[in-house]
Structure formats: structure tokens, C-alpha cells
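Keep in mind the model is a prediction, meaning the values are calculated, not measured. Here is how names work: the chains are called A, B, and so on, in the same order as the sequence lines, proteins then strands, and each is numbered from 1.
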Amino acid sequence: MAAKFKADSRRWLTLEYRPLELEKQIRDFWKNNKVAERLEKLREKSNFGVLGYVEGPPTLNGVPHVGHARGRVMKDLRYRWKSMQGYSVPFWAGWDCQGLPVELEVERRLGVKNKRELLEKVGEERFIAECKKTLMKYWREWFNADQKLGVFINQDKAYWTYRDEYIEREWRYLKRAWEQGLLGEGYYVVAYCPHCQTSLSNAEVGLGYEEVEDPSLYFRLKVSNAENEYFLVWTTMPFTIVTDMMLAVHPETEYAKVRVGNETLILVKQRVEAVMQKLQVENYKVTETVSGKELEGVKYEYPFKDSVPRQKELDQQPFVHTVVCEDFVDVSTATGVVHLAPGNGEDDFLAAQKRNVPIYVPFDDECRFTADAGEFAGLFARDADSKVVDILRKKGLLLSVETVRHEYPTCWRSHHKLIWLARREYFLWTNRVNERVVEAAEKVKYFYESPKNRFLSFLKEGKPWCISRERVWGAPLPIWVCQDCEHKTLVGSKKELLEKALEPPSEDFELHKPWVDRLTLKCDKCGGEMKREPFVLDTWHNSGACPFARFTDEEFEKYVPVDFLTEGIDQTRGWANTLLLEHVILTGKAEAPYKAFLYQGLAQDAKGRKMSKSLGNVLEANAVLEKQSADVFRFYTLWKCSPVDTINFDLQELRKRPYQVLGTLYHLHRFFMQNAEYDNFNPKAHTLQWARENKALKPADNWLLSRLQKTVKSYTEKLERCEFNLATAELEEFVVDVVSRQYVPMIRRDLWSDDPQTLQRRLAVYATLWQTLKTLVLLFNPITPFLSEFMHQKVYRELDHSSPESVNFKDWPQPEEALRDTKLEQAFGTLQTCVALVYSARQSAQLKRRWPLQKAVVTAPEQVQDALKSLEDVFLELANVKQVEYAEKLAAFDEKEWASASEGNLQVLLHTRRNESLLGEGLMRDLARRVQSLRKERGFTPTDIMEAVHLAELDQESMKLVEPYLAEMAELVRTKKVYLHKNRAEVKADWHEYKLDNKKVFVAIS
RNA sequence: GGGCCGGUGGCUCAGCAUGGCUAGAGCGUUCGGCUGAUAACCGAAAGGUCGAGAGUUCAAAUCUCUCCCGGCCCA
């Protein structure tokens, strides 16, 4: 038997959608044909326009998980889409290489416990070599994930933040800051582990919260120049009273003066009752209330003046040992009066810095009090707690001391309680350019309100930026200090450094510790020897320098400010911030280095829990993509929720609807290809215009084309607004509802025929589908690049050899307004409602859809009638009725004769009585259905033509009814002839039994 | 402890700005139907005190307040 269709299409388009195989093919295709490289060149040459881009560099200290993969998908989506629109985008990779996370990873691998051990046992040179090795290990993971995902980022042009050429340009940022007086030395409070003798990053502090025991101390401080009046204060860190400088109250809250015996205590009003109960004071009376503001400037007697002589000196300075107002004071716990120790707390420190109060930090590297702390000298900070309590008790200032258990940060390695210490550090005085920073940030487009507000409110805090770190693997701070005259100089480049160096560097010199530390310079001022400040730079400064550091001057001019960036919401205080600060300092302008910034929500597991190693619920991108299709993954991550929302990643869900949508798109192509190839459809000859000229287009085709234009427009707008979930939903609806569910059933019968008389009509349908599916494939390309490329190769280039070599070289579709027909769209909406009503009425009367009925009556307003009349052919076909009548007003009807269904002002009546001819046709279609399923079961393809179909053991009456329709049935099921038998014995065949309305029927085919 | 986001059928989400029809959609379940591109599709049913409480209002998922739970960021 000759097949209707050529074998070709089946070779390309397998029966099933098998994305993993298809994606492998396409990956190879891209690689072998250098598609990504050629795409970049093509858009560069076309000179259409440039959109700057700079890669937010992933830190190479871990493997990418699905959340990272989601981010990469959004970046790639934007790149492919904008490229198709014609823009040239420098989509070049970048890697964040330095910093504490990398160091810790290496320390762990080398089995080193702390910094001191590291320096003694391993040495800086080897340590740095190990850091570089680690980078490459993780880089491979990221590279593989990108390959699997189909991210077209250019790896050859990647920047690496540890390389000399990058660091040099980072130094130029610092030089600009130095020249403007925005870089300098100062103190800053950092979390410090006394055991490991190192400061910890914020992230590390977050790792180590534990429940610990601390003293809970209520004490009082006497108001100067007042009889028996005291502030009531609470603390869990008694030792900080040694470094106490001020008391803070909340300015807008009421404070109470409480009379107890002949003494007065001052505390926040709302806590009086609770605190008195706590202190077991029964007889007390609130004598007066004052606002926090009124307490400002009140001086108090610092209790340790005798024990700590230095404090006695400081007492003379403005603000010292007085009350200040601060918004951060929490009035809902304790007494609402907090004591400030600027050397031991960040808020305290900032409060002091604001008022130029000196920072008193009498500690050595091991957190022991120095000689400057008088009686406390030599004591480890936390060991001073009991001595402090003793002195307070002796002076009669102690009210209560007990033990509390509470959550407190500890060192995640040694589990020691952390201490907050002000240390000498280098700062960018970003507070001085804060206005410009905020102004710049306000001009940026964020797409969604909430991350925007979050970012702006963070920026408005305008804190100085501490950029120095006492670590090893980082870009060195390029400041040298004269050992004689203390003159400082900032070196702006490697060249400058080598020129000024007193001795030539070793051959393996690079811009890292320990090499840079070995170079000493000659002082310009006094000719003395200059040594480098031993710090490295905050790794955030390192990555924040990239818009300038990763480009040449020329490229920087061309690409920065970049057009669009997207990173996780956790980068609000990270990269988004440092990019902005450094750019404002570098340029001196109120300008961000990015015009738009999309913050992405983070990823959690299917149950909404944070992904963590301890829970064992981390979904690694490479492991997931080993088994899951990249296209389905990409579609899923974009479709599931808004990009700013947290995504609860569920592999089960991934395999359902997203797979179905892509599967449907795939099968639509298969359907199209099978038919179009058979009829020798030629897209160049059989264009839409040709079809229109030959009047071969029907309303269904025009409707589909109109809906397509609407989709192109709306989808593009949604991409523009970064509403990726709504954009993909638009595609989903078009593929599943519009094309597959609605259009295909309307044209199916036209295509089923192979009559040469109706060839023109079939070609017109192919022209419509060609245009529609081809456009869809382009729209899908940024989301599902593999499937789009596959279809481009196997369908569009197959039928049209002039098509470009890759789908990526095509242009983005523009909506054609001329094809839009909103009236027709409305009419089809009406049609679909009516058809649904017919189905509903059929169901209520138990009339199968395949049974033709004589008549339907539609009751509806005139406009609706007109719409339906214009589409009457389609209605009759879908409703499977012979004729339709219209009425404007609902008439009474006989329920025995009519089935009805209604919705709003629409009603449909179906004539339920069937004459012999209708019964016969219905029966024929029932039988045909059985034959079709048998055909499928027996492995016939849709196009095989069978020799004979045998039906047996129908009752007398049924045989008589179906007889006139056997020829039509033969055509319908594609057989040469249909034979009716009374008895199975009449012919030797492989009989199959079917039930048909509770009667048996036997079917055989050959 | 502070700030932000979220809590709507078994699951995933829409609706909330600007209060107003019987609170929707998809998945899942059950029954029925349809089907030679499809892992699809159509109809019906079951399933919701819209996190809890209070307030404003003729009317609250929607506005206000308080609280609870989950998440993120920061202390």
C-alpha cells in the first residue's frame, strides 16, 4: 500500500516530542556551525543599534542550582530577543573570583583552621595557587550548565576579576576616589571572632546564630546635677560599659519619671509596669512624663571614671556621657534607654561618628583590654563582665543581674561568641555623594515597584563603605605609606607601581599578596621607604568595578551605561549597589551604570523551603538538566511565576503543563508537515497573498491570522515590561487554545480530503499555518531556543531553502495591523459560545456529538445573530447539525422534541428527533470510530489505505440504516470497500468485538 | 528586633491599585463525551468560613488596624 505522505517528514519529526534528543542535536548544530559567534558578528555588522550589557559575575565558589539557572535563562531570553530585534549586545561572560567564600573553600580543602595557621603552614603563594585551582573546578560546572541551558553567552570574551588587567582598572576607580578625597582611613565596627582573630563578613555572621547564655543586667546611671535621679538601662554585654560613651533614647516616644522611695528612675513609659514587675518593685509612681526629645543633652555620671582614667579625659568632650536621640532605639523591650559603646557596636559607632564623638577601642588583636582601659587592662573582653558587675554593685548602681538565653551570633567555625569591634579600615566616603547616588538610582527602570522601593530605601541610608579586608585572596588595596613621614600614595596602575618600586619585582610577579607587599616605594615627600597597607579590597568592590574594569576605554564609552541587567534580589545591597556607587564616584555624575535593573526572586524547593545543604533539597542545575529538557526547564521557570517572585521549584510540575505546551507546538508542526508535504506545498508560491487572490481563505483562516497579530503585539509588550510569566501565558493560550483546540478542528475536514478539486483550499490552509507557526517559532525562540531552532531546520529551511541558516538570524515579528480584524475576533467568540451550548444541550439529551442532527435554533440579539450568520458554515460543521434557524425571542418549546442550553442572553435549541437518514449517518460514524481505533491499534498510519473493512452481526434494522452510508464511510476510514455481514462465519477474518450502545458489533480490517 | 514580600479549593496561581454580578483559571479526582497531530481536547460534578480577629461601608478577597504563619533582606 502506498503511503499518502512521504517518508521524509517522519524522519525529521518523530511520532513523539523527545526534547532531550532534539536538544542534543541542536547543541551540536550550534557548535559545529558557530552559530553564537556568527550571531554576534551579524548584529554588530548590521549597525542597527547597540545595547550595552555587562555580566553580573557568578562567584566561583559553588555549583549553580536551579535558581541560578533561572537567572541565566532570563539573561539569555533578553539577549536572543533583542538580537532578533536587530540590536548588537556584548553578551560576554564574567566570573567573580576572589573573596572570603573562595578562601574558606580552600582552607577547608587544605584542612587549615584559621588565618594564622594558613600563613604559617601553607604560605600565601601556595594558597593563591590553590584558590585559582578551585575557581577552575567551579567554572567547569557553570560552563556546563550554560551549555545545557543553551545560554549564548560568549565565553571567549569572559572577564575574570582576579586578573592583573582587571585589577589595574579597578585601581583606576580608586584613584578617582582618592583624587576627590572620597577614599580614606577610619574606624569601622566589624564582627570579630576572638578565637580565629579575623573579622567576619555579614554572610558569615548570618550563618552562626545560636542560642547562648548571657548576663541580663539592669543598672542605673545618675543624672548629673539632679538629686537622686537615674536613667534605667539594660544590657546583655556588661563589658561594653567600659567603652560606654552615650545614652540613647527614642526622640518621639514618651518617657516616664518613676518615683521609687526617694529616688526617681527614667525609662520609656510603655515599659514601666513590665520593668517594675521584673525588678520586683511594688510601690512606685509615675510623677512626670517627658518626650525622648526633651531628654536630649542631659549629662549623666559615668560610673567608671576612677577605674578607667581615659574615660575621665573623654568625659570633657562634647556629647560624651550625655543623652542623644536615635531612631533605632527599640522602645518595646527593656527600658527604652540604651547605652552606646561606639567601639563595640555598629549603631553605636554610627551615632558617635555623626557627632564627631571619639571612638574609644581599648582592645588588642586578641580582644583583651589594653593599658588604655585602666583597671581592666589584660582582661579578655567577655571575662570583664563580672568585674563590671562588681563595680556597679559596690557603687549601688546595680538593680538586677540574671542569666538569659537568647539567639546571638557566634563564629560558625569556632562557635565563640562574636564581638563587635571598631577597627582601623579604609572607606569610600559614599555618604558624601549620597544625593547623587540616590538621584541616579531614581532614574533607573526597575519594572516592579517593591524591589525598587527596597533598593531606594537602602540607598538612602547612605552609609560609608568599608572596602578594606584583612584577608589574602583579593585585589590589593594600592595604598603605600611612608614609614618615616606617614605620607600616603595611591598607585593607579602596574606600570606606575613598577616605576616607583625601589627594587624590581620577581619574575612571577602579579597584583596579589604576597608579591605586591614585597615592593617598597620611595616617598615623594621625604625619600623614606613606603610600605603597602596590608589590606585587600572588599570583593564587592572588585565585582562592582566591572563596567569599567572589564572593558577597554573605547568599549566603556560605547556600552556603559548598559541597557539592562538582571540579578537576584539579594544583590540589592550587593552588586547593584556597588556598581552604582563606583560608577557615580568614577564619573562624578548622577548616573547609574545601568538603565534598567530587574531583580529576580530567589528559588526554593517545591514545598517553599529554602534550599540548603543541611535539608538536602538543593536542586543542582546540571543534575536537573541531565534528565530534564532545557526548553521545558526554561519555559517552566519563566512561566510559573513573576520574575520578582520567589519560585518554588517543582520537578513534577515542570513535566506537566510546560511539557504539554511545547509538545503541542511540536505536534502542530508534525500535523502541518504531514499534510503540506503530501500536497507539495511551496511557501514561495502558495503565499497568503496568493490564497487571498484566489479567494481560498475562509473566515477561520482570517480569524487565526488576526489572533496571531494580537499575540505578537501583546507578547512583545509583555516581554518589554519583563512580565515573562504573562508573556509565556500568552503563547500558551495561543498554541493550546487558539491553534490546537479551535483552529485545527475547523480545518481538519478540509485537509482530510485528497480530492484534486479542493487542492487550492488545502494550500490556503497550509499558507495560513505556515505563516502562523513560523511566527510562533520566532516568538518562542528566546524562551525555547532548541525547539525553535529544530523547527527552523526541519520545517522552515526544509521547505524554504532561502531561509537563514539559524533561527537566531531571523528578525523579530512585527504585528501587521492590516491582518487584524477585531470584529471577526468577536464573531468567533460568539461562535465558540454557541458551539459550547450545543455540546451542553447534546449532553443533556444524550446525543453524541458525532450524531448529526436536523436543526438547531439559536435565540439571540440581532448583533449576535449577524455574527453567527457570517460564520454559519463553521457553526454547522462544529455543531454537526444540518441547518440552523434564528429567533430573537425565546419561544415555548416541547421538551420531548427539543434539548436546550443557555447562557446570558443566548439560548440554543436542538431538535432531538432523528429520521432514518440521520440515524444511519450517526450509526455510520459510530462504526467508523471503531474502525479508526482498530486501525491505530493494528499499526496502520493515518494515510495507509486498507483493502477492506468488514462489519458483522448488526441487527436487521441497523444494517438497513447504515447501508446507504457505506461509500461515505469507506472514504472516511480510507478503505477500498466496506462489507456488511450478517454473520462472522461468512468471511474468514480477524474479528474484534466492540460494544455499540449496549449491542455487540464485530469489526475486521485488512 | 526592624523592613519588605506572600498566605485564595488537594496542588500551582489570577483577582486586590479604582470595594459591587453566583470568587476565577490550570493541574489533580469522579462520571460522561470527543479524537488518526497531541502526553491533547470538551461537558458536568465534587471541592473555597479568600490565614485569624476587629473596624470602615448599604456592600470587603479587595480599604484600615491588630495578630498568626511562611519566605527574603538587615540587625
Side-chain angles (χ1 to χ4, degrees), chain A residues 9 13 15-17 191 202 205-206 209 327-334 345-347 406-407 409 420 448-451 453-455 457-458 461 568-574 599 601-602 604 606-610 639-642 644-648 650 652-653 655-675 725-726 729 732-733 735-737 739-742 744-745 748 751-752 769 832 835-844 846-851 878 880 901 904 925 928-929 931-933 935-937 940-944 972-974:
Chain A
S9 63
L13 298 167
L15 190 64
E16 287 166 75
Y17 169 46
N202 282 335
V205 174
Y209 274 81
D327 287 330
F328 65 76
V329 174
D330 177 11
V331 292
S332 64
T333 58
E346 192 181 9
D347 283 335
H406 64 155
E407 295 269 309
W420 305 88
Y448 292 87
E449 279 300 308
S450 102
N453 296 338
R454 186 168 161 160
F455 188 41
S457 65
F458 163 70
E461 290 175 20
I569 188 104
D570 53 335
Q571 297 298 321
T572 309
R573 286 160 188 261
Y599 288 106
L602 303 176
Q604 296 175 167
K607 291 174 187 161
R609 294 173 306 186
K610 189 178 181 172
W639 161 88
K640 156 118 181 169
C641 60
S642 152
V644 289
D645 285 344
T646 309
I647 186 170
N648 292 350
D650 186 349
Q652 302 298 322
E653 190 178 37
R655 283 189 280 261
K656 286 177 182 161
R657 186 71 173 174
Y659 180 91
Q660 185 197 322
V661 174
L662 304 194
T664 303
L665 181 62
Y666 179 91
H667 284 286
L668 282 168
H669 276 90
R670 219 176 101 79
F671 173 72
F672 164 76
M673 218 31 192
Q674 281 182 337
N675 289 284
N725 55 327
L726 303 181
E732 174 188 13
E733 193 209 342
V735 169
V736 174
D737 287 347
V739 188
S740 175
R741 219 183 74 205
Q742 295 171 13
V744 169
R748 183 172 264 144
L751 294 192
W752 186 245
L769 277 173
Q832 272 137 21
V835 169
L837 287 175
V838 169
Y839 293 159
S840 170
R842 274 179 177 270
Q843 173 134 2
S844 66
Q846 300 216 302
L847 295 164
K848 290 183 191 174
R849 204 187 300 177
R850 66 169 84 92
W851 293 349
L878 294 176
N880 196 16
R925 289 189 59 183
R929 169 77 197 117
V931 173
Q932 297 288 41
S933 67
R935 274 181 66 120
K936 197 172 190 177
E937 202 179 299
F940 284 87
T941 71
T943 53
D944 293 336
L972 195 62
V973 301
R974 292 231 160 91

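One C1' atom belongs to B:U49, the other to B:A61, and the distance between them is 12 Å to the nearest Å. Remark: the separation of the C1' atoms in B:C13 and B:C58 is 33 Å, to the nearest Å. Annotation: B:G19 and B:U64 have their C1' atoms spaced 13 Å apart (nearest Å). Nucleotides B:G28 and B:U12 have their P atoms positioned 15 Å apart, rounded to a whole Å. Atom name C1', nucleotides B:G10 and B:U30: the rounded distance is 14 Å, in whole Å. Nucleotides B:C50 and B:A25 have their C1' atoms positioned 15 Å apart, rounded to a whole Å. Spacing of C1' atoms, B:A39 relative to B:G3, comes out at 46 Å, to the nearest Å. Atom name C1', nucleotides B:A52 and B:U8: the rounded distance is 14 Å, in whole Å.
For the residue pair A:Val739 and A:Leu769, the shortest heavy atom distance occurs at CG1-CD2, 4.5 Å. For the pair A:Ser740 and A:Pro745, the tightest heavy-atom approach, listed with the atom from each and the gap, is O-CD, 3.5 Å. What you find for A:Tyr599 and A:Gly568 is that their closest heavy atoms are CD2-O, 3.8 Å.
Taking atom CG of A:Leu662 as the reference point, atom C1' of B:A37 lies 15 Å away to the nearest angstrom. Distance A:Leu751 CG to B:A37 P: 10 Å, rounded to the nearest Å. Between the P atom of B:A37 and the CZ atom of A:Arg670 lies a distance of 9 Å, rounded to the nearest Å. The CD atom of A:Gln660 sits 6 Å away from the C1' atom of B:A40 (whole-angstrom rounding). Atoms OH (A:Tyr599) and P (B:C4) sit 17 Å apart, rounded to a whole Å. To the nearest angstrom, P of B:C41 lies 14 Å from CD of A:Glu733. One atom, CZ of A:Arg657, and another, C1' of B:U38, lie 12 Å apart when rounded to the nearest Å. With rounding to whole Å, A:Leu878 atom CG is found 13 Å from B:G43 atom P.
Counting non-hydrogen atoms under 4.0 angstrom, A:Val644 reaches nothing in the nucleic acid. Nucleic acid contact class of A:Phe672 (heavy atoms, under 4.0 Å, all strands): none. Using a 4.0 Å heavy-atom cutoff across all strands shown, A:Leu602 reaches sugar-phosphate atoms only and no base atom.
Counting heavy atoms from C-beta on, the side chains of A:Val644 and A:Ile569 never come closer than 4.5 Å.
Here the CG-CG distance, from A:Asn725 to A:Asp645, works out to 7.5 Å after rounding to the nearest 0.5 Å. To the nearest 0.5 Å, atoms CZ (A:Phe671) and CG (A:Leu751) are separated by 5.0 Å. With values rounded to the nearest 0.5 angstrom, A:Gln571 atom CD is found 10.5 Å from A:Phe455 atom CZ. Considering CG of A:Leu726 and CD of A:Glu732, their distance stands at 11.5 Å, rounded to 0.5 Å. Atom CZ of A:Arg657 and atom CD of A:Gln660 lie 4.5 Å apart (nearest 0.5 Å).
Of the candidates B:C73, B:U38, B:C34, B:U38 carries the atom nearest the A:Arg748 side chain, counting heavy atoms from C-beta on. Checking B:U35, B:C73, B:C41 against every side-chain atom of A:Arg929, the shortest atom distance belongs to B:U35. Residue A:Phe671 places its side chain closer to B:A37 than to any other of B:G26, B:A37, B:A39. Here the side chain of A:Arg849 is nearest to one of B:G33, B:C27, B:C72, namely B:G33. Of all nucleotides listed (B:U38, B:G26, B:C72), B:U38 comes nearest to the side chain of A:Ser740. Side-chain atoms of A:Arg850 lie closest to B:U35 of the nucleotides B:U35, B:C72, B:U38.
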If pairs are Watson-Crick or G-U with both distances under 3.5 Å, what is the dot-bracket string of RNA chain B, marking crossing pairs with [ ] and pairs to another strand with |?
(((((((..((((......[...)))).(((((.......))))).....(((((..]....)))))))))))).
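In this structure a side-chain-to-backbone donor-acceptor pair under 3.5 Å is present from A:Asn880 to A:Arg850. Between the side chain of A:Arg842 and the backbone N or O of A:Trp851, at least one donor-acceptor pair lies under 3.5 Å.
With RNA chain B read from its 5' end, the first of the two nearest nucleotides for A:Val931 and A:Arg741 is the one closest to A:Val931. Each of A:Asp347 and A:Gly663 has a nearest nucleotide on RNA chain B; the 5'-most of these lies closest to A:Gly663.
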Table of protein N/O atoms under 3.5 Å from nucleotides 8-13 of chain B N/O atoms:
residue, atom, partner, partner atom, Å
B:U12, O3', A:Lys640, NZ, 3.0
B:U12, O2', A:Glu653, OE2, 3.2

